[in-house]
Amino acid sequence: LGMAAPAALQRSVVSPAGRHTASLIFLHGSGDTGQGARAWIKQILNQDMAFQHIKVIYPTAPARPYTPMKGAFSNVWFDRYKICNDVPEHIESIDSMCQGLSDLINDEVKNGIAKNRIVIGGFSMGGGMAMHLAYRFHQDLAGVFALSSFLNKDSAVYQALKRNESALPELFQCHGTADDLVLYSWGEETNKMLKSLGVSASLHTFPNLNHELNRTEIEKLKSWIVKKLPVEAPKAN
């Protein structure tokens, strides 16, 4: 095989039941796949997270060496020096993935879906990735969600928002108080910081929830998604 252009991200897709007028991009946590995240949510809900008019896309991060796993290959959106909120961000890997995910957003736009009809978010590292993508490069998206996620203390996201004048997508955040991998306080601090920089952000707290998803959280998320991406009345010709 010759060296081709970077391959498009693999993705698992849940098609809308009716006419496709909006899209949702869900980014998995570190070491998972799009297929895995979709199956996990399906297991929790006893059915796919599906909508009448919204296409749900679960992309898979390409495998790369991951420093917290001593350089072993893992499906991660970016590298981290360590899983902690007071180290510098691995900005090179974050920015190169923003490019691949921008291509995914642009594919939806080419299919006739406006940017303000696209929501992006994810679980854990996927939520962190979504915040970088939306608040640094795609401020015209309909909304962002981050489940059990955080941004590092001096995140490039904060730097970008300090210089920002335009309207920003709303953030829907959820976090379990018993999370022992991504501490609740890191999620809370991220929420406060983004609010102070002009983001309209909510934080839904789940007592006793560890680093995981639960049904109440996904149902809340679904309601928020439909609020951000309501069914459109068919346009008269």
Side-chain angles (χ1 to χ4, degrees), residues 12 24-45 49 56-61 66-69 74-87 89-90 93-94 97 101 119-135 143-153 155 157-158 169-195 199-225 228:
S12 179
L24 164 65
I25 299 169
F26 189 106
L27 305 179
H28 62 74
S30 57
D32 201 355
T33 61
Q35 199 67 47
R38 176 182 174 177
W40 187 25
I41 288 175
K42 190 172 182 173
Q43 183 203 334
I44 295 169
L45 293 177
M49 179 165 67
V56 186
I57 306 164
Y58 295 95
T60 295
Y66 188 44
T67 302
M69 285 171 52
S74 186
N75 293 90
V76 289
W77 297 110
F78 49 86
D79 199 6
R80 298 184 190 283
Y81 296 107
K82 63 187 222 229
I83 301 171
C84 162
N85 74 343
D86 58 3
V87 293
E89 287 173 324
H90 195 286
S93 61
I94 292 172
M97 189 50 64
L101 288 165
V119 158
I120 186 160
F123 174 72
S124 193
M125 170 184 266
M129 186 74 234
M131 290 186 279
H132 273 273
L133 192 64
Y135 294 121
V144 190
F145 62 91
L147 316 172
S148 313
S149 307
F150 73 102
L151 290 170
N152 294 23
K153 282 186 192 295
S155 176
V157 173
Y158 303 149
E170 185 186 322
L171 175 69
F172 177 93
Q173 233 182 309
C174 294
H175 216 114
T177 59
D179 195 326
D180 54 14
L181 183 68
V182 174
L183 302 186
Y184 177 78
S185 60
W186 301 353
E188 193 178 36
E189 193 176 307
T190 300
N191 188 272
K192 284 189 179 131
M193 196 66 195
L194 289 170
K195 270 192 179 141
V199 176
S200 165
S202 58
L203 175 59
H204 303 266
T205 302
F206 291 82
N208 309 319
L209 185 70
N210 201 321
H211 195 65
E212 57 198 342
L213 294 172
N214 71 13
R215 188 168 183 146
T216 316
E217 180 179 8
I218 297 169
E219 296 292 2
K220 265 193 175 157
L221 173 64
K222 281 186 72 174
S223 306
W224 178 81
I225 288 164
K228 291 279 111 193

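Just so it is clear, the structure is predicted and the values come from calculations on it, not from any experiment.
A 4.5 Å side-chain heavy-atom check between M193 and V199 finds every atom pair outside the cut-off. Here the side chains of Y184 and L203 are in contact, with some heavy-atom distance below 4.5 Å. In this structure, the side chains of H132 and L151 come closer than 4.5 Å at one or more pairs of heavy atoms. Within the 4.5 Å cutoff, no side-chain heavy atoms of S93 are placed close to those of W77.
Taken to the nearest 0.5 Å, the OG atom of S30 stands 8.5 Å off from the CE atom of M69. Note that NE2 of H204 and CG of L209 are 14.0 Å apart. Values are rounded to the nearest 0.5 Å. Distance CG/L213 to CD1/I218: 5.0 Å, rounded to 0.5 Å. Interatomic distance, CD of E217 versus NE2 of H175, reported as 9.5 Å (0.5 Å rounding). The CD1 atom of I25 sits 11.5 Å away from the CE atom of M129 when rounded to the nearest 0.5 Å. The CZ atom of R38 sits 12.0 Å away from the CD1 atom of I57 when rounded to the nearest 0.5 Å.
Looking at Y135, its side chain does come within 3.5 Å of a backbone N or O of P169 through a donor-acceptor pair. Looking at N75, its side chain does come within 3.5 Å of a backbone N or O of A61 through a donor-acceptor pair.
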Problem - Worked verdict on L171 versus K195 for side chain to side chain contact (heavy atoms under 4.5 Å, CB included) - result: CA-CA 9 Å; L171 175 69; K195 270 192 179 141; over 6 Å; no
Problem - Working for side chain to side chain contact (heavy atoms under 4.5 Å, CB included), residues M131 and L194 - result: CA-CA 10 Å; M131 290 186 279; L194 289 170; 3.8 Å; yes
Practice task
Given side chain to side chain contact (heavy atoms under 4.5 Å, CB included), test L24 with M49 step by step and report yes or no.
Solution key: CA-CA 11 Å; L24 164 65; M49 179 165 67; 3.8 Å; yes
Handout entry: Worked verdict on Q35 versus T60 for side-chain hydrogen bond (donor to acceptor under 3.5 Å, both in side chains)
Key = CA-CA 8 Å; Q35 199 67 47; T60 295; over 6 Å; no
Practice task
Begin with the C-alpha distance, continue with both residues' side-chain angles, and end with the deciding distance and a verdict on ring pair (Phe, Tyr, Trp, His ring centres under 6.0 Å) for F26 and F123.
Solution key: CA-CA 8 Å; F26 189 106; F123 174 72; 8.0 Å; no
Exercise for the section: For side-chain hydrogen bond (donor to acceptor under 3.5 Å, both in side chains), just list the numbers for T67 and D79, CA-CA rounded to whole Å, side-chain angles, deciding distance to a tenth of an Å, and then say yes or no. Expected result: CA-CA 7 Å; T67 302; D79 199 6; 2.7 Å; yes
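The shortest heavy-atom contact between T190 and Y158 is CA-OH, 3.4 Å. Looking at every heavy atom in both residues, G187 comes nearest to F150 through N-CB, 4.3 Å. For F78 against M125, the heavy-atom pair with the smallest separation is O-CE, 3.1 Å. L27 and P59 get closest at one heavy-atom pair: CD2-CG, 3.6 Å. Counting all heavy atoms, side chain and backbone alike, G121 lies closest to A130 at CA-CB, 3.5 Å. Residue C84 comes nearest to W186 through the heavy atom pair CA-CH2, 3.5 Å, listed as atom of the first residue, atom of the second, then distance.
Applying side chain to side chain donor-acceptor pair (under 3.5 Å) to S124 and the options H28, E212, H211 leaves one that passes, H211.
Between Y81 and H90, the angle of the ring planes lies from 30° to 60°, which puts this pair in the tilted group. Relative orientation of the W224 and F145 rings is perpendicular, given thresholds of 30° and 60° on the angle between their planes.
Using modelled atom types, one finds no donor on one side chain facing an acceptor on the other under 3.5 Å when comparing Q173 with S149.
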